[in-house]
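Here is the structure we will look at.
Since we're looking at a predicted model, the values are computed, not measured. Atoms within each ligand, like the ligands themselves, are counted from 1 in listed order. Residues take their numbers from the sequence shown, with the count starting at 1.
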Amino acid sequence: MTINTGAPVVVGVDGSAAALDAVRVAAREAEYRQRPLRVVHAFVWPLTGAPLTPVPGAPVTAGLRNQADQYVAEAVDEARKVSPELRVTGVVVDGAPTPVLVDEAREAALMVLGHRGLGGFAGLLLGSVTVQVSARAQCPVLVVRGEPRADGPVVVGVDGSELSTEAIGFAFEEAARRDAPLVAVHAWLYPTPVGPGDILPLVYDLDVFGGEEERLLVESLAGFAERYPQVTVRHRLVRGSPGRVLVEESKEAQLVVVGAHGRGALGGLLLGSVSHAVLHHAHCPLVIVRRPRTS
Ligand SMILES: Nc1ncnc2c1ncn2[C@@H]1O[C@H](COP(=O)(O)OP(=O)(O)OP(=O)(O)O)[C@@H](O)[C@H]1O
Ligand SMILES: [Mg+2]
């Protein structure tokens with residue numbers, strides 16, 4: 001039986017090893033979600049005089065355009081190795097990687113990217129395509145980084161915002177399918193304002209506010225535990241900077257899930273500081289959640 005209908009899982013490939021890692025993860029995600037997998041390579045017509053097609057006498061596989069086709073073919077093969085039943089398509093789309101992938105994300109259930117690509121320089125933590133697409137994509141983005149591991153919990157960052165609730169739903173779903181425990185982390189430095197215009201006291205009792213923060217965590221998770229009784233949930237209430245705490249948690253995790261921005265969402269900011277910290281520094285794959293498509 002060939003599975004998968006609806007919006008695809010999209011993976012961006014550029015011929016790099018990191019992108020092939022992303023393909024393997026994307027294939028498993030597509031299989032689980034019963035979605036087709038769409039492998040995309042964005043191809044920029046070069047301004048140099050490099051031959052696009054084989055020059056006379058050169059092997060038929062020469063030329064940049066052929067190379068682009070090969071990146072896609074190799075990725076499609078890799079996906080089929082992971083999941084032979086999967087419906088996989090591969091395309092080369094003309095255009096710069098970021099706009100092409102952001103456009104693809106409008107119709108995608110999930111976008112999967114490697115943390116690095118062919119370009120960049122040694123020591124670069126994250127490639128520019130991944131940074132830009134993570135900030136702009138309309139669907140959830142899974143960035144594959146760190147050593148793949150099947151043990152360790154799925155970790156989700158909780159701040160009581162709408163997108164953090166989306167992130168919790170996403171994380172429960174992942175924990176259930178991976179048969180992994182879920183760690184729900186709420187880190188706080190100062191009391192959280194719960195509504196617009198909330199005035200916080202200048203001096204506050206840590207015990208009182210610790211209780212409030214705990215309530216926020218418990219209320220945020222309400223309902224999910226009943227929906228996913230098979231998932232073991234651990235609450236972590238930590239006094240510390242949320243980005244730092246989540247990066248620390250990622251050392252033991254198999255996946256970290258955060259919303260694109262949280263309560264502090266400044267108008268115009270595409271990523272909040274916590275998602276930014278996790279994107280750049282997590283030790284394991286991570287997901288930045290936005291409102292997902294329902295179809
Ligand atoms: N041309 C492309 N088409 C499709 N996906 C791409 C393309 N380039 C990069 N990607 C995706 O983005 C991921 C990260 O690559 P990125 O280009 O951001 O890093 P880099 O090449 O190391 O650095 P940079 O390009 O910023 O110098 C890749 O693993 C791949 O998933
Ligand atoms: Mg690149």
What's the shortest distance from [atom] to any protein heavy atom, and which residue and atom give it?
atom: atom 14 (C) of ligand 1; answer: T130 OG1, 3.1 Å
atom: atom 29 (O) of ligand 1; answer: R116 O, 2.7 Å
atom: atom 25 (O) of ligand 1; answer: S128 OG, 3.8 Å
atom: atom 3 (N) of ligand 1; answer: A42 N, 2.8 Å
atom: atom 18 (O) of ligand 1; answer: V129 N, 2.8 Å
atom: atom 31 (O) of ligand 1; answer: G12 O, 2.6 Å
atom: atom 21 (O) of ligand 1; answer: G119 N, 2.7 Å
atom: atom 27 (O) of ligand 1; answer: G120 N, 2.7 Å

Problem - Closest to atom 4 (C) of ligand 1 (judged by heavy-atom distance), picking from V131, D14, V13 - result: V13
Problem - Selected option - heavy-atom contact closest to atom 15 (O) of ligand 1, from G127, A19, A22, G117 - result: G117
Numbering the atoms of ligand 1 from 1, which are under 4.0 Å from a heavy atom of [X]?
X: L101; answer: 5 (N)
X: V40; answer: 4 (C)
X: L118; answer: 21 (O)
X: P97; answer: 1 (N), 2 (C), 7 (C)
X: H41; answer: 1 (N), 2 (C), 3 (N), 4 (C)

Can you see which heavy atom on [X] is nearest to which on [Y], and at what distance?
X: C139; Y: A108; answer: CB-O, 3.5 Å
X: H41; Y: D14; answer: ND1-CA, 3.7 Å
X: G160; Y: L216; answer: N-CD2, 3.7 Å
X: A184; Y: L221; answer: CB-CD1, 3.7 Å

Handout entry: Y228-E173 side chain donor-acceptor pair, cut-off 3.5 Å
Key = yes
Exercise for the section: Could you list the residues that satisfy salt bridge (Lys or Arg N to Asp or Glu O under 4.0 Å) with R145, not counting sequence neighbours? Expected result: none
Handout entry: With sequence neighbours excluded, residues passing salt bridge (Lys or Arg N to Asp or Glu O under 4.0 Å) with D69
Key = none
Practice task
Kindly check if the number of other-residue, nucleotide or ligand heavy atoms within 6.0 Å of CG (D179) is above 12?
Solution key: no
Completion exercise
Contact region, L126 to ligand 1, non-hydrogen atoms below 4.0 Å, reads neither
Exercise for the section: Return yes or no for this condition: an N or O of G114 is under 3.5 Å from an N or O of ligand 1. Expected result: yes
Exercise for the section: Flag the pair R38 and E107 as a salt bridge only when some basic side-chain nitrogen lies within less than 4.0 angstrom of an acidic carboxylate oxygen. Expected result: no
Problem - Electrostatic pair E174:R33 at N-O distance under 4.0 angstrom - result: yes
Exercise for the section: Decide yes or no for V93 and E104: does some side-chain heavy atom of the first lie under 4.5 Å from some side-chain heavy atom of the second? Expected result: yes
